[in-house]
Amino acid sequence: MHGLINRSVQNYVCDTFGHDVWGQVTGSADLGFTEIEAMMTYEDDVTTRLIDALSLVTGRPRDDLLEDIGTYLVSTPKLEGVRRLLRFGGVTFEEFLLSLDDLPDRARLAVADLDLPELEMDERASGCFELHCRSAVSGFGFVFVGMLRVIADDYGALVLLDHETGKNGIEKVFITLVDKDFAQGRQFDLGARVG
Amino acid sequence: MNNAQMNAMMDVLCPMHVLVEKDGTISHAGPTVQKICPPDSLVGYSFFERFAVKRPKGIRNIEGLRKRAGSKLHISLLDEPDSDLKAVLVPYDADNGKVVINLSFGISILDGVRTYALSNADFAATDLAIEMLYLIEAKSAAMDASRQLNLRLQGAKIAAEEQAFTDTLTGLKNRRALDHVLARLVSTGASFAVMQIDLDFFKAVNDTYGHAAGDHVLQAVAQIMVEETRNADTVARVGGDEFTLILPNVASEQMLLSIGDRVIERLQKPINFQGNACNVSASIGTVWVKEGHMMNAKDILSDADMALYQSKNSGRSCQTLFEDTDQNADSDAQSTWEVSNPKPTPIRLRSARRVNFDSF
């Protein structure tokens with residue numbers, strides 16, 4: 001997968017568990033290197049090996065870690081840009097959810113060789129959404145669970161999230177919008193200067 | 001459709017439009033264009049009291065503007081001459097002379113959004129402004145990441161060059177490589193020879209024919225040295241016009257001297273560069289380190305240097321063989337300088353580290 005994704009994993013591990021743990025993780029994953037370059041492409045299995053190794057080294061379940069990575073991606077001040085780029089998706093949380101269909105295309109507009117997992121958003125009933133995610137990294141749906149939790153909060157929406165892996169490997173994230181105006185939410189300044 | 005319905009529709013489709021009456025008075029303004037002007041400063045005022053037409057030039061009233069219907073206009077806010085808006089005028093009601101003028105930020109969208117603190121809701125849902133802002137931000141982030149990668153790669157390249165063993169101009173080994181080879185040979189106690197070679201008159205070539213000629217000469221010299229040595233020998237360029245040869249498995253003194261002779265002989269032939277004959281020659285100082293020696297690299301090189309200076313002092317284009325009485329127990333215990341006639345007989349420099357100048 002793209003260096004941007006693997007680099008996010010590295011940032012998450014270093015910020016959460018420290019550089020020593022990252023060293024152990026790359027060693028255990030048998031990467032042969034320790035620094036990931038954000039703008040380079042890596043073999044597909046590098047991400048999976050990293051996540052497996054992280055689970056082994058920290059003794060925490062993969063799913064938890066993946067969800068944590070999703071949370072980290074959109075909440076760490078270091079990656080404020082990610083949150084902002086997602087917020088461009090819509091004025092309301094519902095609009096944002098429906099914009100996730102376009103996320104892989106949007107990502108490719110910015111970085112041509114960045115392939116995100118295939119995403120499909122279905123609105124089942126009023127306030128009930130289903131995000132289908134097909135990825136080379138199993139459990140990637142949990143990244144979206146973590147991410148959606150933070151973004152919902154960002155919009156001031158109250159949501160319930162659930163995850164399920166289908167037999168065909170396609171992951172489903174169920175989103176129930178309990179209250180779209182639960183809290184004030186964070187301002188989104190279109191023209192803000194980042195970084 | 002009545003006027004109110006029309007205005008409501010236009011506010012959604014074109015939130016930056018103004019409706020202008022025949023006399024040039026603004027009778028309605030979209031919600032976003034109101035945001036970029038002072039409060040209540042549009043409706044009831046003349047269009048030309050608020051806006052100036054920058055291009056096409058010379059348009060000062062609504063009659064002039066009406067003639068430009070359908071074409072692109074560049075407009076600024078009268079209060080902010082630096083502002084740059086794009087606009088198009090469309091006749092609304094030909095009978096009573098009403099027109100609609102729709103405005104847009106164009107390429108200065110980011111400045112516009114920042115200056116007037118606009119949000120998604122200030123643009124029509126079909127407007128690509130938000131996508132444009134998204135792209136600006138995403139591309140800037142991606143470019144930033146690429147720039148950082150480039151910087152790191154450049155740093156890595158410089159580091160790699162510092163660690164390299166090759167002299168980029170000649171393709172010979174460099175001083176770093178030489179130090180490694182020498183250190184290895186010294187530590188094994190094996191027999192080998194070190195030959196210091198200095199080009200004579202190289203500076204004159206550089207000064208007369210320029211650096212390109214100098215570089216060419218160095219490359220030609222390097223080629224000759226490689227040809228006159230064996231594969232196992234190390235040929236290094238250790239300074240501007242200074243070369244060092246390391247020759248393992250030296251069978252005899254004669255072998256060393258004949259390599260030196262051949263190098264000197266070949267270098268004395270003019271080297272052609274763009275029709276100019278560049279003349280250089282070589283001075284050589286050689287040390288033959290015997291098996292089981294106890295010398296360190298620094299002393300070996302300094303002995304070779306001393307022999308080299310002897311050659312230089314003896315009129316150049318000759319070689320000096322350094323002989324150490326410590327190494328050669330059988331040879332004359334008396335330490336002397338033995339300077340014989342240069343060319344072809346080699347000069348011998350004995351035990352320079354315990355030189356007796358009185359006997360010189």
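So that the names make sense, note that chain A is the first sequence line, chain B the second, and so on, each numbered from 1.
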### Message
Can you give me the closest heavy-atom contact between A:L190 and B:S119, atom names plus distance?
### Response
CD1-C, 3.5 Å
### Message
Around atom CZ of B:F48, are there more than 12 heavy atoms from other residues, nucleotides or ligands closer than 6.0 Å?
### Response
yes
### Query
Taking everything shown except B:K98 itself, do over 12 heavy atoms lie less than 6.0 Å from its NZ?
yes
### Task
Under 4.5 Å heavy-atom distance to chain A, tell me which part of B:A142 shows up: side chain, backbone, both or neither.
both
### Query
Got more than 12 heavy atoms from elsewhere within 6.0 Å of CD, B:Q5?
yes
### Selection from B:V113, B:N120, B:D144, B:D122 maximising heavy-atom pairs under 4.5 Å formed with chain A
B:N120
#### Entry: Minimum heavy-atom distance between B:S146 and A:M39, given as atom pair plus value
OG-CE, 3.4 Å
### Cationic N near anionic O, under 4.0 Å, A:R106 to B:E131
yes
### A:R134 atom CZ, over 12 foreign heavy atoms within 6.0 Å
no
### Message
Is B:Y116 close to chain A through its backbone or its side chain, or both, or neither, when contacts mean heavy atoms under 4.5 Å?
### Response
neither
### Query
Does a sphere of radius 6.0 Å around CE in B:M6 hold more than 12 heavy atoms from other residues, nucleotides or ligands, not counting ones at 6.0 Å or beyond?
yes
#### Entry: More than 12 heavy atoms from other groups under 6.0 Å of NE2 on B:H180
yes
### Task
For A:E35 and B:R152, run side-chain contact (heavy atoms from CB on, under 4.5 Å): C-alpha distance rounded to whole Å, both residues' side-chain angles, the deciding distance at 0.1 Å, then the answer.
CA-CA 11 Å; A:E35 283 297 307; B:R152 275 196 299 279; over 6 Å; no
### Message
Taking CG in B:D40 as the centre, count heavy atoms belonging to other residues, nucleotides or ligands within less than 6.0 Å. Is the count above 12?
### Response
no
#### Entry: Whether B:K139 side chain and A:V111 backbone form a donor-acceptor pair below 3.5 Å
no
### Message
Is B:L110 close to chain A through its backbone or its side chain, or both, or neither, when contacts mean heavy atoms under 4.5 Å?
### Response
side chain
### Message
What part of B:L135 gets within 4.5 angstrom of chain A, counting heavy atoms only: side chain, backbone, both, or neither?
### Response
side chain
### Task
State which residue, out of A:R84, A:R87, A:R83, fulfils the salt bridge (Lys or Arg N to Asp or Glu O under 4.0 Å) condition with B:E137.
A:R84
### Message
Using 0.5 Å steps for rounding, measure from the CG atom of B:L118 to the CG atom of A:D189.
### Response
10.0 Å
### Message
Please check if the number of heavy atoms outside B:L153 that lie under 6.0 Å from its CG is greater than 12.
### Response
yes
